Participant: 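One structure is given below, represented as structure tokens, and several questions about it will come after.
We number each residue from 1, following the sequence as shown. Since we're looking at a predicted model, the values are computed, not measured.
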Amino acid sequence: MSFKSFAFKTAMDALYFSGSHKVLRPLSGGLGSILMFHHVREAPDRDFAPNAHLTVSPKFLDETLKSLRSGNIDIVSMDEAQLRIQNGKNGQDNKPFVAITFDDGYRDNAEIAAPILRKYNAPYTIYIATGLIDGTANLWWDGLEAIIRNHDKLLVRSQAGIGEIDCSTPKAKRKTYALLLDYLTNDLSEQLQREWISEYASHYKVDLQSMLKSEMMTWDEIKTLAKDPLCSFGAHTVHHYALARL
């Protein structure tokens, strides 16, 4: 944890344990919250897992929903959340709301998350990046992780030339991921970023298409899930580009 992150956490803890959060809630609590998830599955059991923050366990989701249901909080659809925001009001009993969303369209949303959500009669929205379903986009962040995880050193070409990067230990792999993530998200455009990942995945024998087939729902699976009255779908772009960078 960086010093900045530590200082922020310390400040938030101080507010919480002082009880100030209760005093400030009428001013800062808002009408409700939107919970954004990605994967629902057991976290990978390995020392190098830079994308683990995109995963919550089935137990975590179950306990979150149980807590919400017992905490006098409405679990609402995104359509209902929008209406409440537009009207500036909570529900009939003036209860705060929570809307639950999932990004990208992962298969575990249907196989693991949906049954838990049905258990608590909780509506939810899945935002689909259609290129990830069609196979015209790629999970570049997972591809980068796989490239680094499977090798002890990488030869990387950048604007400074070609250099060798050590990734022989979990610590070195984490450092390499952070370094290349910064390069890919700050120095390259979205299009060049995808081209870079495709080139290096091919060179280092990482099958991006197999990764998609393993991780993402198919259109048939999406159609089946769409029959669930608790489920709705939204757009999450085609190629999963970061809109702020376009």
Participant: Among Glu190, Gln191, Arg194, find the residue that satisfies the side-chain hydrogen bond (donor to acceptor under 3.5 Å, both in side chains) test when tested with Tyr241.
Facilitator: Gln191
Participant: Measuring from Leu212:CG to Asp134:CG, what's the distance to the nearest 0.5 Å?
Facilitator: 10.0 Å
Participant: Please determine whether a side-chain nitrogen of the Lys or Arg among Arg174 and Glu145 lies less than 4.0 Å from a carboxylate oxygen of the Asp or Glu.
Facilitator: no
Participant: Mind checking side chain to side chain contact (heavy atoms under 4.5 Å, CB included) for Leu117 and listing every partner two or more places apart, or none if nothing turns up?
Facilitator: Leu65, Ile100, Phe102, Ala113, Ala122, Tyr124
Participant: Under a 3.5 Å distance rule, please check whether Lys173 uses its side chain to pair with a backbone N or O of His151 as donor and acceptor.
Facilitator: yes
Participant: Is any NZ, NE, NH1 or NH2 atom of the basic residue among Arg107 and Glu221 found under 4.0 Å from an Asp or Glu carboxylate oxygen of the other?
Facilitator: yes
Participant: Search all heavy atoms of Leu54 against all heavy atoms of His38 and return the closest pair with its distance.
Facilitator: O-CB, 3.2 Å
Participant: Just how far is it from atom OG1 of Thr101 to atom NE2 of His236, taken to the nearest 0.5 Å?
Facilitator: 9.0 Å
Participant: When you check the side-chain N and O atoms of Thr125 and Ser232, is any donor under 3.5 Å from an acceptor?
Facilitator: yes
Participant: Work out which heavy atom in Tyr106 is nearest to a heavy atom in Asp104; give both atom names and the distance.
Facilitator: OH-OD2, 2.9 Å
Participant: Classify the angle between the aromatic ring planes of Phe60 and Phe37 as parallel (below 30°), tilted (30 to 60°) or perpendicular (above 60°).
Facilitator: perpendicular
Participant: Atom OG of Ser214 and atom CD of Gln209: how far apart are they, to the nearest 0.5 Å?
Facilitator: 12.5 Å
Participant: Starting from Leu61, can I reach Met78 by hopping between I/L/V/M/F/W/Y residues whose side chains sit under 4.5 Å apart?
Facilitator: no
Participant: Under 3.5 Å, is there a donor on one side chain and an acceptor on the other for Ser168 and Asp166?
Facilitator: yes
Participant: So which heavy atom on Ala114 is nearest to which on Leu225, and how close?
Facilitator: CB-CD1, 4.0 Å
Participant: Can we say Asp74 and Lys95 salt-bridge, meaning some charged N sits less than 4.0 Å from an Asp/Glu carboxylate O?
Facilitator: yes
Participant: Would you please indicate if the ring centroids of Trp140 and His239 are separated by under 6.0 Å?
Facilitator: no
Participant: Aromatic rings Trp196 and Tyr183: how do their planes relate, parallel, tilted or perpendicular, breaks at 30° and 60°?
Facilitator: perpendicular
